[in-house]
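For reference, the structure discussed in these notes is given below.
We name chains A, B, ... by the order of the sequence lines, and we start the count at 1 in each one. Values reported hereafter were calculated over all heavy atoms of this structure, with side chains retained and with hydrogens, waters and symmetry mates removed.
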Amino acid sequence: MNYWLMKSELNSFSIDDLQRMPEQTDHWDGVRNYQARNMLRDQMKVGDLAFFYHSSCEVPGIVGLMRVVQEGYPDSTAFDPHSAYYDPKSDANKPRWYMVDVQYIRHTKRLIPLAELKKHPALARMPLLQKGNRLSILPVSSEQWQYLLGLENA
DNA sequence: GCCAACGTTGGC
DNA sequence: GCCAACGTTGGC
């Protein structure tokens, strides 16, 4: 079982949006980075857990938990000329981009800000905190996962 | 295959 | 709005 952190811009898709979806489930579409694509396509498994992370907002940070409920399959928005994520070079017969389905579990007890994560030596190795890392899908170790859950009550 | 130019991400 | 960091594109 793997752990992940998935970023979404607050004003494009928030954890509240996910909670409001039917079955509190949605596909995580629009990822257009090959490293992230590889994780979506090859590594994320049903039952994996992920933190929901709000980016590009006043206080970026971890806001909730979700579960992978459908493994990687082709991201249909890549084939839709009307989608903001349309990629004319992605061939439906040989899909370039993938998505998974995720289900809302709960909000964290509080927003855990990025600035706070940076203060914890135990988290220093998190890919999220590495300089220049812009990936929207990031792995989290089980130790880091447990540690982060502990911060909820801090 | 190199690399300059350009676009995007995302914190601040 | 700024800008650092990184990825992608395309000419050569």
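Scanning for side-chain hydrogen bond (donor to acceptor under 3.5 Å, both in side chains) contacts around A:N33 gives an empty result, with sequence neighbours left out. Annotation: side chain to side chain contact (heavy atoms under 4.5 Å, CB included) contacts of A:D101 (sequence neighbours excluded): A:T25, A:H27, A:V69, A:Q70, A:Y73. Shown here are the side-chain hydrogen bond (donor to acceptor under 3.5 Å, both in side chains) partners of A:S136, two or more places apart in sequence or in another chain: there are none.
Across the protein-nucleic acid pair, A:E58 atom CD and B:dG10 atom P stand 18 Å apart, rounded to whole Å. Spacing between atom CD1 of A:I62 and atom P of B:dG11 amounts to 12 Å, rounded to whole angstrom units. Between the P atom of C:dT9 and the OH atom of A:Y34 lies a distance of 6 Å, rounded to the nearest Å. Taking atom CG of residue A:L5 and atom P of nucleotide B:dT9, one finds them 17 Å apart after rounding to whole Å. We find that OH of A:Y53 is positioned 11 Å from C1' of B:dT9, with the value rounded to whole Å. If you measure from atom CE of A:M6 to atom P of B:dT9, you get 16 Å, rounded to the nearest angstrom. For the pair A:L117 CG and B:dC12 C1', the computed distance is 16 Å after rounding to whole Å. Rounded to an integer number of Å, the gap from A:Q35 CD to C:dG7 C1' is 10 Å.
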Give the table of side-chain donor-acceptor pairs shorter than 3.5 Å for residues 50-67 of chain A, with sequence neighbours excluded, one pair per line with atom names and distance.
{"residue": "A:H54", "atom": "NE2", "partner": "A:I15", "partner atom": "N", "Å": "3.1"}

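Residues of residues 124-139 of chain A that place a heavy atom closer than 4.0 Å to DNA chain C, in numerical order, are A:K131, A:G132, A:R134.
Proximity note for A:L114 (side chain, C-beta onward) versus C:dG7, C:dG10, B:dC12: the nearest is B:dC12. With C:dG10, C:dG7, B:dG10 as the candidates, the nucleotide lying closest to the side chain of A:K89 is C:dG10. Nearest nucleotide to the side chain of A:P60, out of B:dG11, C:dG7, C:dT8: B:dG11.
Closest non-hydrogen pair, A:D80 versus A:Y86, comes out as O-CB, 3.1 Å.
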field: Full working for salt bridge (Lys or Arg N to Asp or Glu O under 4.0 Å) between A:D87 and A:R96
entry: CA-CA 9 Å; A:D87 178 0; A:R96 176 181 295 196; 3.5 Å; yes
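Phosphate contact (OP1/OP2 of B:dT9, side-chain N/O of A:K7, threshold under 4.0 Å): absent.
Residue pairs meeting the salt bridge (Lys or Arg N to Asp or Glu O under 4.0 Å) criterion with at least one partner in residues 139-154 of chain A, sequence neighbours excluded, are A:R106-A:E152.
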